[in-house]
Every structure is written in structure tokens, then in C-alpha cells.
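Worksheet: the structure to be examined is printed underneath.
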Protein chains: 2
Amino acid sequence: MEPEQRLMEMGSLVGEPRRLGMLVRLLDGQACPAGELAHHVGIRPSTASHHLDLLVRGGLLTVLTQGRHRYYRLANPAVAAWLEQLAALAAPATPRSLRGATEQRLLAEARTCYDHLAGRLGVLWTRAWVERGWVDETVEGYLVRPAGLAWLCTAGVTTAPTGPLVLGRHEVDWTERVPHFAGPMARAMTRWMLTTGWVVRGPIPRTIQVTNLGWTELGALGVAAPRPT
Amino acid sequence: MEPEQRLMEMGSLVGEPRRLGMLVRLLDGQACPAGELAHHVGIRPSTASHHLDLLVRGGLLTVLTQGRHRYYRLANPAVAAWLEQLAALAAPATPRSLRGATEQRLLAEARTCYDHLAGRLGVLWTRAWVERGWVDETVEGYLVRPAGLAWLCTAGVTTAPTGPLVLGRHEVDWTERVPHFAGPMARAMTRWMLTTGWVVRGPIPRTIQVTNLGWTELGALGVAAPRPT
DNA sequence: TTGTCATTTCTACGGGGATCGAAACATCGG
DNA sequence: CCGATGTTTCGATCCCCGTAGAAATGACAA
């Protein structure tokens with residue numbers, strides 16, 4: 001297929017509101033069964049199935065069959081990054097409406113993007129590591145230094161050993177316009193934070209809430225509470 | 001307007017093949033009259049005018065009226081970055097067709113993205129600066145150090161003085177997946193390279209070709225010819 | 001087996017939007 | 001003032017595609 005043609009195909013895929021809605025719903029990186037996605041955007045399962053088929057064929061989603069359910073999820077982090085950037089592109093103009101305001105605020109505060117932390121929390125977390133000298137900024141990403149590695153080991157954050165420990169970075173953020181941790185290592189970190197109870201998933205799909213335990217522990221590591229409101 | 005709704009609007013805008021084609025045509029950051037855009041994607045001027053109106057209303061394009069011409073261009077670098085990322089997302093799967101192959105190769109080699117260098121050349125250029133210690137990598141971007149500043153001054157690269165000299169970075173690249181220079185300073189650099197004749201615009205819209213002069217000068221700065229084929 | 005649930009396939013329908021032509025508008029050249 | 005050129009507006013047409021319902025598939029439970 002002509003590369004140009006493929007570009008158009010990708011555009012068309014995201015050009016349909018229900019499809020885009022389903023993609024956004026999957027931005028947290030978790031898998032979701034077809035029926036739930038259909039309900040989320042308000043269409044019949046048959047219609048949703050058609051859309052999902054197109055998205056899988058287009059390489060934006062992957063599907064995992066388990067019993068009578070079929071779980072759909074974003075194909076790779078690049079898709080999530082691209083969608084996040086689209087959101088950043090769509091956001092800047094508007095002062096928010098009333099109902100969307102709190103939702104927007106929660107998402108800007110702390111959320112997951114595919115598999116890693118994003119929003120203000122993600123940025124602060126990254127900055128703390130940089131300032132403590134736990135990572136080096138390199139062209140390829142954030143390279144973990146011995147001090148940072150020591151913390152990871154004692155804390156018990158585990159990941160598949162992939163050569164030099166590198167935390168990828170990921171440019172745009174809705175509010176903060178600076179890079180932050182991404183990639184497999186960041187995924188491990190985030191999972192670890194969830195399991196240890198530093199953070200929990202919020203009521204709105206992608207939001208994250210820091211627990212009291214989390215704030216004290218984060219504070220000890222140099223991450224101050226963004227706003228104690 | 002609901003933020004979610006605006007997201008859908010953005011998606012719909014880019015979901016139309018002709019519209020997307022026009023956006024891609026404008027990826028070099030230069031302005032283009034309506035008629036040329038219409039011809040480029042193979043539609044009548046009246047239809048193109050309608051599309052362009054939608055794109056301007058949606059905040060993706062800006063228009064500059066000059067005489068009987070109306071020049072359209074991308075609204076801001078973020079739009080270009082997003083489109084580049086879309087291209088990166090669309091690219092990876094396909095081994096190229098025959099005719100598109102050379103075009104793709106030229107674009108991967110060296111091109112402009114909105115206003116700065118991209119492709120292999122952009123990455124090498126950035127890497128050379130980092131390795132020479134002419135810039136520091138910081139969270140906000142590449143901070144120009146005295147040595148780099150000295151080169152800029154003697155070479156005569158001029159830009160509006162904007163506090164500390166920072167070269168923004170820009171994540172994804174079709175082939176190279178590493179950040180490279182972007183932003184106003186990068187724009188000044190690129191314009192300077194064009195005016196001094198280090199590089200010239202190629203036959204295909206966004207491509208850049210390095211001249212003999214350019215290769216020798218770049219070589220002196222530590223940028224080796226990617227492939228002397 | 002039978003029944004139910006989650007999902008897909010198929011078919012037909014309907015509407016939104018992309019398209020074009022014609023005409024109006026604006027600008028430039030003479 | 002004239003015609004030519006670039007662009008937009010308006011109106012009408014047509015087609016693609018999103019949609020839902022009905023039926024088929026597969027999986028789990030009893």
C-alpha cells in the first residue's frame with residue numbers, strides 16, 4: 001500500500017466520533033470488552049463491532065479473546081502518545097464548561113497515559129528524579145543512575161531486565177508542556193505505585209488519586225503536593 | 001463547548017482525506033494559496049475553499065490575505081508535530097512500494113518539519129551539538145552553552161532574543177525515534193542554513209538537500225555524511 | 001442437551017457531507 | 001473602465017458510511 005494512502009486511512013479511522021471516543025476510552029492502556037465500549041459511546045454492539053474491526057485492521061488496536069469476551073486495547077504506546085497529543089491540540093483554546101471542568105482538572109492533576117504517569121504528578125515525579133541525580137537525561141531517554149537504581153531495588157520495583165535501564169520520554173502534556181517518564185520502566189514504576197497503595201485509580205476512567213500514604217512517601221522523595229486545596 | 005466535543009471536531013477535521021492531504025502539503029511550514037492546495041489534492045477550488053474554511057475555523061490553519069491570493073499555513077508548530085507523529089504512526093508497518101520508495105527515502109534523509117530540520121540530518125545535527133557540549137539537555141529543552149552561542153554569533157545566526165537561548169525538542173521522527181532541535185532557535189538555524197547555501201530545498205515539497213559546501217562545513221562540525229551513495 | 005450471554009456477520013436503510021457548477025466578489029493589469 | 005485571475009458563496013446532487021435489526025457463532029452454566 002502507498003504510504004500516503006495509509007496515512008489517509010489512519011486519519012479516516014480517527015475521523016469518526018464514536019471510534020475516537022472508544023480510542024480515548026482506552027487511553028488508560030487497559031483492555032476493555034466490546035460491549036462496554038459500545039455502551040460507552042452509545043451505539044449498538046453490532047455497530048461497535050464493525051468499528052472495532054476497522055481499528056484493529058488499521059493497527060490502532062489489538063484484540064485479546066478470552067472466553068466469550070473480546071478485550072480490546074491500544075496497539076502500542078505510540079498510539080496513546082498520538083492521542084494525547086491530539087487532546088493537547090484540541091484543548092488550549094477553551095476555558096472549560098462547568099461540568100467538564102472538574103473532570104479536566106482531575107485529569108490534568110494526575111492520570112495514566114497508556115501505562116505510565118502523566119499530568120502534573122507525572123511531571124513532578126520526573127523532575128524529582130532529575131533533580132536528585134537519579135537519572136541522566138540523554139538523547140535516548142532518561143538513563144537510570146546507580147542512586148536511582150538503588151531506590152528501585154530496595155523499593156522492589158521489578159521489570160524485565162532490558163540492557164541499560166532507560167526511561168523513555170514523552171513530550172507533550174495537556175497542561176505541563178514538558179517531557180516525563182514513559183516506556184517499560186515507567187510502566188513498572190506505575191504498577192508498583194498502584195500495588196503499594198501510593199496511588200489509586202479515581203472514579204473517572206484515567207484519573208489517579210494520591211493516597212495519604214502516597215503523599216508522605218512522595219514528599220520524602222522531593223515531590224511536594226501540587227495544591228493542598 | 002465541551003472539551004470532549006472539541007476533540008471529536010479535531011478528529012473529524014483530519015478524517016477527510018483531502019483535508020489531510022492539504023495539511024500534509026503544508027507540513028513544511030510555508031504558506032500556500034488556496035488554488036494550489038486544491039490542485040494538489042485533485043479537487044475543484046470551490047470544494048477546497050470549503051475545506052479550508054473548516055480547517056481555519058477548527059484552529060488548524062491560519063490564513064493570510066495578500067491581494068487576490070489567500071495564503072494558508074499551519075496554525076502553530078504543535079499542529080505540525082502532531083501530523084508528523086501521525087505519519088510516524090502510519091509508517092512503521094509497510095515495506096515501501098516502488099514509486100513511493102525514493103520519495104520516502106528522501107524525506108527520511110532530510111526534510112523540514114514546519115520550520116526546523118528533521119529526518120536523519122536533523123538528528124545528526126542535534127547529536128553533534130550535544131556531543132560537542134554546545135548544548136545542555138534540560139527538562140525544558142536544549143539549553144545553548146557559551147561554546148554553542150559563540151558559534152551562532154560568529155556564523156551570524158540571528159533570532160529574536162528570548163531570555164535564555166533554548167532549543168525546544170520534538171520527539172518522534174519517522175525513522176529516527178529520538179528528539180531533535182525544534183522551536184524558534186531551530187527555525188533561525190534552518191533559515192540560516194538555507195540562506196548560506198549549506199542546504200537547498202529539494203524537488204519534493206518538504207525535502208532538503210545538502211550541498212557540497214554544506215557537507216564540508218557540516219563535516220567540520222562533526223556531522224558525517226549519512227551515506228555517500 | 002438447552003438456554004443465555006457476548007460478540008460477530010449480514011443486509012438494508014437513511015442521512016450527513018463531499019462534490020461540482022454557476023454566479024458573485026475581490027484584485028490586478030492594462 | 002475593461003477583462004482576466006484567484007477565491008468564495010450558494011444551491012443541488014449523489015454517494016459513502018454509520019447505523020440498527022435479525023440471525024449466526026462461540027462459550028459458559030445447568
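The chains referred to below are lettered A, B, ... by the order of the sequence lines, with proteins before strands, and numbering in each begins at 1.
- The side chain of B:Ser49 lies closest to D:dT9, out of D:dT9, D:dG21, C:dT7.
- Looking at the side chain of A:Ser46, the nearest of the listed nucleotides C:dA18, D:dG18, D:dG21 is D:dG21.
- The distance between atom CG of A:Leu55 and atom P of D:dG18, rounded to the nearest whole Å, is 10 Å.
- Remark: A:Tyr72 is not in phosphate contact with C:dA6, judged by side-chain N or O atoms under 4.0 Å from OP1 or OP2.
- In this structure, B:Arg191 places its CZ atom where only 12 or fewer heavy-atom neighbours from other residues, nucleotides or ligands lie under 6.0 Å away.
- Taking the nucleotide of DNA chain D with the nearest heavy atom to each of A:Arg68 and A:Ser12, the more 5' of the two is matched to A:Ser12.
- The one candidate from A:Leu55, A:Thr62, A:Leu61 that meets the side-chain contact (heavy atoms from CB on, under 4.5 Å) condition with A:Tyr72 is A:Leu61.
- Classified by interplanar angle (parallel below 30°, tilted 30° to 60°, perpendicular above 60°), the ring pair A:Phe181/A:Tyr142 is perpendicular.
- Side-chain contact check for B:Leu152 versus B:Met185: some heavy-atom pair is nearer than 4.5 Å.
- For the pair A:Gln66 CD and D:dG26 P, the computed distance is 19 Å after rounding to whole Å.
- Both A:Gly67 and B:Leu52 lie close to DNA chain D; mapped to their nearest nucleotides by heavy-atom distance, the more 5′-ward contact belongs to B:Leu52.
- For the pair B:His69 NE2 and C:dA26 C1', the interatomic distance rounds to 12 Å; values are reported in whole Å.
- Residue A:Leu54 contributes atom CG, which lies 13 Å from atom C1' of D:dT19 at whole-angstrom precision.
- Atom CD of A:Glu16 is separated from atom P of C:dG15 by 17 Å (rounded to the nearest Å).
- Contact between the side-chain N/O atoms of A:Arg70 and the OP1/OP2 oxygens of C:dA6 is not found at any separation under 4.0 Å.
- As a whole-Å value, the separation of A:Leu37 CG from C:dT8 P is 10 Å.
- One can find a donor-acceptor pair under 3.5 Å joining the base of D:dA20 and the side-chain atoms of A:Thr47.
- Atom C1' of nucleotide D:dG6 and atom CG of B:Leu64 are separated by 15 Å, given to the nearest angstrom.
- For the pair B:His51 and B:Ile43, the minimum side-chain heavy-atom distance is below 4.5 Å.
- Following rounding to the nearest Å, A:His50 (NE2) and D:dA23 (P) show an atom-to-atom distance of 21 Å.
- The side chain of B:Arg44 contributes no N or O atom lying less than 4.0 Å from OP1 or OP2 of D:dT7.
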